[in-house]
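Order of the sequence lines fixes the chain letters, A, B, ..., with proteins taken first and strands second; residue numbering starts at 1 for each chain. Computation of the quantities below employed the complete heavy-atom set of this structure, encompassing side-chain atoms and omitting hydrogens, waters and symmetry-equivalent molecules.
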Number of protein chains: 2
Amino acid sequence: MQRVDTLLVGGMVLTMNAALDRYPNGAVAIQGDQIVAVGSADAITAAYEAAEVVRCDDQIIMPGLVNTHTHMPMTLLRAMADDLRLDVWLMGYMMPVEREFVSPEFVRLGTELSCAEMIRGGTTLFADMYYYEADVAAATAGAGLRGVCGQTVMKFPSPDAGSYEESLTYTRQFIQDWKDHPLIVPSVAPHAPYTCTDEILQACADLAVEFDVPLQIHILETRQEADDSWTEFEKKVVNRVADLGIFRARTIAAHCVHVDTEQIRLLAQHGVAVAHNPTSNLKLASGIAPIKEMLEREVRLSIGTDGAASNNDLDMFEEMRLAALLVKGATFDPTVLPARDALLMATRWGAEALGLDAITGSLEVGKRADLVVLDHQPFHNMPQFARDPNSVYSQVVYASQAADVRHTMVNGRWLMRDRALLTLDEVCIRAAAADYAQKMDRFLIAREGNVLNKLVAIGGLHQEESFEIQVKARLDDENIVQQALKHPAVDIVRFHHYRQYDTYFMFDDDEQGRVRYREDDLIDESSDQPVTVRTRLTYTIPDKEREFDEAVLLSHSRFIAPAARPLRFYREYFQASEECEVHKDRRRWHILYKGVLFYLNLDHVMEPATERRYVEIKSRTWSARDAEYKAGLTAELLNDVMGIDPEVRVRMEYVELCQPGT
Amino acid sequence: MQRVDTLLVGGMVLTMNAALDRYPNGAVAIQGDQIVAVGSADAITAAYEAAEVVRCDDQIIMPGLVNTHTHMPMTLLRAMADDLRLDVWLMGYMMPVEREFVSPEFVRLGTELSCAEMIRGGTTLFADMYYYEADVAAATAGAGLRGVCGQTVMKFPSPDAGSYEESLTYTRQFIQDWKDHPLIVPSVAPHAPYTCTDEILQACADLAVEFDVPLQIHILETRQEADDSWTEFEKKVVNRVADLGIFRARTIAAHCVHVDTEQIRLLAQHGVAVAHNPTSNLKLASGIAPIKEMLEREVRLSIGTDGAASNNDLDMFEEMRLAALLVKGATFDPTVLPARDALLMATRWGAEALGLDAITGSLEVGKRADLVVLDHQPFHNMPQFARDPNSVYSQVVYASQAADVRHTMVNGRWLMRDRALLTLDEVCIRAAAADYAQKMDRFLIAREGNVLNKLVAIGGLHQEESFEIQVKARLDDENIVQQALKHPAVDIVRFHHYRQYDTYFMFDDDEQGRVRYREDDLIDESSDQPVTVRTRLTYTIPDKEREFDEAVLLSHSRFIAPAARPLRFYREYFQASEECEVHKDRRRWHILYKGVLFYLNLDHVMEPATERRYVEIKSRTWSARDAEYKAGLTAELLNDVMGIDPEVRVRMEYVELCQPGT
């Protein structure tokens, strides 16, 4: 009798080895961190005795699940903001909150919370991409889980680095510090081809090759990325990355939703491992990855949950179930990815994807003891059929739940017994997470309550000290303007013809001011077609208006930002209580009158379809006295030069045209 | 203080009423079977006192989930046969096993097992379609769940009826017996438009209208159904059903995967409720139902799990999660069906679909107390955000699990407290289900071990007592046959020209014989095109061959069946160890030689591409003596009439051409 530390006896052993050996009444012997025997209960108990014998009757003993793509600390952002479009979700919520809150402490806590959920759900190995990755690694090692920890590098400043060089320096140090740890594999994670320059991608690959660590990267999560790559580089994304030599590094590519056949071939050819993230890809509406074709072309496939902020959990049972289901419905083929292969994808293939199949991913002698014991006969998995050897895989994949996991062991150490966590302090984690959530709630409430704060959060804003004098009048006859322009006191400096498409976002609380999204098309006079198109946001709080006899002084607090994202983004982000559209044709002259610069706008409102024409005379000013002087000049221009009775001038702004009663 | 039976106090109350009222520290008061108050804990505890006060801190109190399409007893078939194509799964496994096993006892047990799973997973109301529905109703009432029980009617004999008239008689009695039960709503369930005649559909609608009970029906689960309806009726399925006046009845249509805009409009116009079954539709590769368009066109939508044999569980948390995710990914729109609406779909909208929204589906005063209490703060749902009122729906839909349900109440009665079932005998159900599974395993093992049994299981087979005398020879010159046909002793009776495409399925165990799938194309001589195509299966066990000097007597046990399903079906169903293809061009003459009928085949083998030609002479026989006589005549025909040396005759069968070494 050989003495070992632990014997798991009874129950169905699913080895997930190459032969897919199963032992209906099986056993596993564990010594130290290793599996020393797997077989039938009779054979193993005849040969081994152990201090700890765990009966596993009516249970399944199988390899722990492998989650090949996640962002552990983002679990702290779970359900903070959902059912939004990717850009609103990412740039409107995730990134601003991350900028504000991500710190080593945040990262450690989020990792511990995620480890707790993973251990309870039977995950024993994960691949992470985040910031302060040394803290992810430390928290993971503390929890006793196995992790491939990828330090993010990108061209933008990130919560843990002002520049990519800083990130690279950090990553090098991180790899050196952790490369020999029994549980942690350090890794470099250039965020994505579109957030990295060629130089960054190559530097990351060099680092990965130098230390022989895996490289993690997001690839083609969205169709937008495919389109942009073509526009910017005249290359498909995978081709560009391959051409840059990035695949010299052992690469794990997350998502790969929008890869075509050529790119799938490249992934296969370079042995790139793909982390398939079906929940996140559906939830963020990125699409459905072509994993049937990837399987056919022998791409190395595995499954990841992505971060809990876009999933919303780290449940590999749900994820492998969805992976197995989705590909069938999407390809009208129910025989693709049968349950057995889905479980392989979530175990041994996952370990292969991470380059760790020599030590984990299946129950085989000599591998580390990374395993779970699962209830085989909960009500939702009754009854049991023995005829078809695939039935047990069906049960695990289609009907088992994370809550069916009874015990979890990593590296020969129990992390959970009878659903009690053994390595993490539940009370502390709960309290600290609740505390963070409150802080983030407060931060968002303060921001959401204030349109200006929301604008600041998405970046690019600058305040414009704009004080304008303005008069406006309805016009029945455009010739009045043409005549005025020929007036001897008027010199034309410049002329432009625009079409302006304005969308105003208004809020229940008037003090919130309003946001205008303007598309400014500069029109070529000869062709009547736009030659340039510019979009920008203007935020105004109409709280400092002053009226003169002759004109209005608008001393708005005005903030302007380039509107780099589509109108739809701002609509979904600002959640205005009211929205209105004004489209107009604007002919604008810069004129000098008595040496003062004025803007003279001849506007034809097209939408709302009023068929009205207006003339506007505007001038900038810097002081109240100057304002008074210029107000006088505008009155002269209107009255004396254009012959318009000051009585017919209108005080409304264009936005009021689309409001009831105007 | 008003005295009530039960107070649930604390926790987050989600009423799911029209205003979506939520009470973060709420309470519910229950008297008898009814909810008498819902509100803040402070208000309710100030007004009510109760014998039973249940603290629900850190929990969610919400309406029970409503599963609007399932087949309760089929839970006994869970994981019996998976990852197969719909036809193989249904006609190869489900229907043969149902024919053998479905009985009132089976139905009661399966219903109890399903009720146990549903109660544990927070489902309080379901709609079932099956056989022996009175037994489904009795078992459901016994378990204390609420159910709409639909008795299946169709044009084929079913496990509980030899004809549809029998089913209708049964259904009428069933409705009369159960129509006033507090928990059960009897219902009529014409199986599907393609399994019912117009007459059956109309009789079912009449019955539903007469008793004002709901009518349940499967509609457009597969694309095949859409195609077939067009071919057979020259109408789209929903149009046909609408034209027949079926929607006079309150109709619940399950699946509706392949409805187009016109049919969606019809469903909306007639107020038909749709049960969306995303898991089953993916798993059987039926497709993805267009629920975004259904939502836009205001079709009454709800969620069902379908039977556990195609899911493989009855987990409404998984189902609403998948419903919410799938439509986003499939339409590239992450804002469709936000979590709040997915939860509505699984609660109040479900009750509306079943016509029971007056009494259940939301927590409102006067409705029955059908509710669940759910852990709000398991690790997989930490942390908690309060800013966005939708966060709690996100938590329930995207991250909660069936196992988070702590207590379940239906009609004011606790069915589960602290995860212990109160109305069902777990031990008995488990033992009985295990027993049934063993019996079904044995039945299938006996069948699977025997190709003939598998053939019998799919029906249509007849045994042919076929004894054939046969000689065959290679032919270098086709003119030999033409000459023979002009021989004075030969009279040509008939001539046909075929192209025959044979696929042979062979099995490791030679005693299993082999199955031939033949496509016989009758060729028109003038156009060289097929005029008719016939497919059939032939099963032969080559164990009774006898060789004469001159010819071979083949006294096969031969079974023949029309091959109504595609080759692919048989391939997947028989799971042969080897398969081979023989294609040949066959010219066949029926000739009389010395008054005896012979078949003379001139065969040109096209696949495998041997370019070989053969002549076959065959005759039927009924006795050994007759066989000997005819063997002599075949030798004469070969030798004397055709001038072929008997030494060149070959003994192989065509199937051997595609085997190595021939």
Would you mind reporting whether B:L326 and A:L326 have side-chain heavy atoms less than 4.5 Å apart?
yes
Heavy-atom proximity to chain B below 4.5 Å, by part of A:T331
neither
Chain B contact via A:Q384 - side chain, backbone, both or neither, heavy atoms under 4.5 Å
backbone
Which atoms of A:T222 come close to chain B, meaning under 4.5 Å heavy atom to heavy atom: side chain ones, backbone ones, both, or neither?
neither
Where B:F379 and A:E117 come nearest, the two heavy atoms and their spacing:
O-OE1, 4.1 Å
Who among B:A403, B:S394, B:A116, B:A402 has the most heavy-atom pairs with chain A under 4.5 Å?
B:S394
Side-chain donor-acceptor pair under 3.5 Å between A:Q395 and B:N312, yes or no?
no
Under the 6.0 Å and 45° cation-pi test, does B:R387 pair with A:F443?
no
Taking A:R442, A:Q377, A:M440 one by one, which has the highest count of heavy-atom pairs under 4.5 Å against chain B?
A:Q377
For the interface with chain B, which of A:L322, A:N311, A:V257 has the highest count of heavy-atom pairs at distances below 4.5 Å?
A:N311
Identify which part of A:D333 has an atom lying under 4.5 Å from any heavy atom of chain B, answering side chain, backbone, both or neither.
both
Closest contact, heavy atoms only, B:D441 versus A:A386:
OD2-N, 2.5 Å
Quick one: closest heavy-atom pair of A:D82 and B:Y398, and the distance?
OD2-CD1, 4.2 Å
Under a 4.5 Å heavy-atom cut-off, does chain A meet the side chain of B:N381, its backbone, both or neither?
both
Rounded to the nearest 0.5 Å, what separation is found between the CD atom of B:E318 and the CZ atom of A:F317?
11.5 Å
Of the listed A:P383, A:A285, A:S114, the one with the largest count of heavy-atom pairs under 4.5 Å with chain B is A:A285
For A:D435, which atoms come within 4.5 Å of any heavy atom of chain B: side chain, backbone, both, or neither?
neither
Using modelled atom types and a 3.5 Å cut-off, is there a donor and acceptor pairing between side-chain atoms of B:R120 and backbone atoms of A:P378?
no
In sequence, state the C-alpha distance, the side-chain angles, and the governing distance for B:R223 and A:F332, and then conclude on side-chain contact (heavy atoms from CB on, under 4.5 Å).
CA-CA 10 Å; B:R223 188 175 291 169; A:F332 294 102; 3.0 Å; yes
Side chain, backbone, both or neither of A:L421 within contact of chain B (heavy atoms, under 4.5 Å):
side chain
Is B:L282 close to A:P334 at the side-chain level, that is, under 4.5 Å between some pair of heavy atoms?
no
Minimal non-hydrogen separation, B:M382 against A:A434, with atom names:
CE-N, 4.5 Å
Under 4.5 Å from any heavy atom of chain B - which part of A:Y93:
side chain
Interface moiety of A:S286 toward chain B, non-hydrogen atoms closer than 4.5 Å
backbone
Using non-hydrogen atoms only, which part of A:L84 is less than 4.5 Å away from chain B: side chain, backbone, both, or neither?
backbone
Interchain contact, B:E572 with chain A, by part (heavy-atom threshold 4.5 Å)
side chain
I need the minimum non-hydrogen distance between B:H380 and A:D313, along with the two atoms involved.
O-CB, 4.2 Å
How far does CD1 of B:I445 sit from CG of A:D388, to the nearest 0.5 angstrom?
10.0 Å
Can you tell me which of A:V397, A:N281, A:L76, A:L337 forms the most heavy-atom pairs within a distance under 4.5 Å of chain B?
A:L76
Of A:I288, A:T75, A:T279, the largest count of non-hydrogen pairs under 4.5 angstrom with chain B goes to A:T279
Contact class of A:L314 relative to chain B, heavy atoms under 4.5 angstrom
neither
Nearest heavy-atom approach of B:D83 to A:A339 is OD2-N, 2.7 Å
Most contact-rich option vs chain A, by heavy-atom pairs under 4.5 angstrom, among B:A324, B:A81, B:A79, is B:A79
